[in-house]
**Student:** 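Starting off with a structure, shown below.
Sequence positions, counted from 1, serve as the residue numbers for this chain.
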Amino acid sequence: MQTITWADFEKVELRAGTILEAQDFPKARKPAYQLKVDFGELGIKWSSAQITKHYTKEELIGRQIVGVVNFPEKQIANFMSQFLVTGLADENGDIVLTTVERPVPNGSKLI
């Protein structure tokens with residue numbers, strides 16, 4: 001494992017956001033959803049997430065997640081991802097979302 005400095009960590013904008021919409025993403029190579037997330041003062045952003053094993057679209061609405069908002073946009077098929085949805089792989093490699101234990105203001109930075 002490579003070590004980083006505190007200054008390196010501070011460059012990563014890990015922010016809380018609330019999922020407003022979840023849509024199927026049929027053009028993705030692996031099963032995924034397109035998520036519309038409210039990051040407060042940072043605005044509303046879209047991303048793709050391969051989280052279909054553990055979550056339905058309906059149960060994602062209103063859930064507060066953690067995303068990296070300072071990566072450049074990335075094209076995935078015909079879609080531009082504006083942030084990185086964070087999560088952890090379970091024992092099968094399926095992604096479990098990084099969530100917030102208690103509600104915080106959208107856009108709050110992980111510190």
**Student:** OG1/Thr98 to CG/Leu88 distance, rounded to the nearest 0.5 angstrom?
**Tutor:** 5.0 Å

**Student:** Is the number of heavy atoms from other residues, nucleotides or ligands under 6.0 Å of Glu41 CD greater than 12?
**Tutor:** no

**Student:** Quick check for you: to the nearest 0.5 Å, what is the distance between Asn92 atom CG and His54 atom NE2?
**Tutor:** 7.0 Å

**Student:** Hey, mind stepping through Asn78 and Phe25 against side chain to side chain contact (heavy atoms under 4.5 Å, CB included) and telling me if it holds?
**Tutor:** CA-CA 10 Å; Asn78 63 336; Phe25 189 9; 3.7 Å; yes

**Student:** To the nearest 0.5 Å, how far apart are CH2 in Trp46 and CG in Leu35?
**Tutor:** 8.5 Å

**Student:** State, to 0.1 Å, how close Gln82 and Ile44 come at their nearest heavy-atom pair, and which atoms those are.
**Tutor:** OE1-O, 4.2 Å

**Student:** Can you tell me how far apart NZ (Lys27) and CZ (Phe79) are? Round to the nearest 0.5 Å.
**Tutor:** 13.0 Å

**Student:** Among Asp38, Asn106, Val37, which one satisfies side-chain contact (heavy atoms from CB on, under 4.5 Å) with Gln64?
**Tutor:** Asn106

**Student:** To the nearest 0.5 Å, how far apart are NZ in Lys45 and CD in Glu73?
**Tutor:** 8.0 Å

**Student:** Can you see which heavy atom on Val100 is nearest to which on Val66, and at what distance?
**Tutor:** CG2-CG2, 4.2 Å

**Student:** What are the two closest non-hydrogen atoms of Pro105 and Ala16, and how far apart are they?
**Tutor:** O-CB, 4.3 Å

**Student:** So, the side chain of Asn70 versus the backbone of Glu13: is there a donor-acceptor pair under 3.5 Å, distance only?
**Tutor:** yes

**Student:** Counting neighbours of CZ on Phe9 that are heavy atoms of other residues, nucleotides or ligands and sit closer than 6.0 Å, is the number greater than 12?
**Tutor:** yes

**Student:** Do you know which two heavy atoms are closest between Tyr33 and Thr56, and how far apart they sit?
**Tutor:** OH-CA, 3.6 Å

**Student:** Might you point out which heavy atoms bring Ile76 and Ser81 nearest each other, and give the distance in Å?
**Tutor:** CD1-CB, 3.9 Å

**Student:** Nearest 0.5 Å, please: how far is CG in Leu14 from NZ in Lys109?
**Tutor:** 8.0 Å

**Student:** Treating Tyr55 as the side-chain partner and Leu97 as the backbone partner, does any N or O pair qualify as donor plus acceptor under 3.5 Å?
**Tutor:** yes

**Student:** Is there a path of hydrophobic side-chain contacts, each under 4.5 Å between heavy atoms of I/L/V/M/F/W/Y residues, joining Ile4 to Met1?
**Tutor:** no

**Student:** Do Phe83 and Phe39 have ring centres separated by under 6.0 Å?
**Tutor:** yes

**Student:** Would a hydrophobic clustering, with Ile, Leu, Val, Met, Phe, Trp and Tyr connected at side-chain separations under 4.5 Å, put Ile65 with Val96?
**Tutor:** yes

**Student:** For Gln50 and Thr52, indicate whether the former's side chain and the latter's backbone hold a donor-acceptor pair under 3.5 Å.
**Tutor:** no

**Student:** Taking a hydrophobic cluster as the set of Ile, Leu, Val, Met, Phe, Trp and Tyr residues connected by side-chain heavy atoms closer than 4.5 Å, whether directly or through intermediates, do Met80 and Phe71 fall within one such cluster?
**Tutor:** no

**Student:** If you compare all heavy atoms of Ile61 against all heavy atoms of Ala22, which two are closest, and at what distance to 0.1 Å?
**Tutor:** CD1-N, 3.6 Å

**Student:** Is there a path from Leu110 to Val68 through hydrophobic residues (I, L, V, M, F, W, Y) whose side chains come within less than 4.5 Å of each other?
**Tutor:** yes

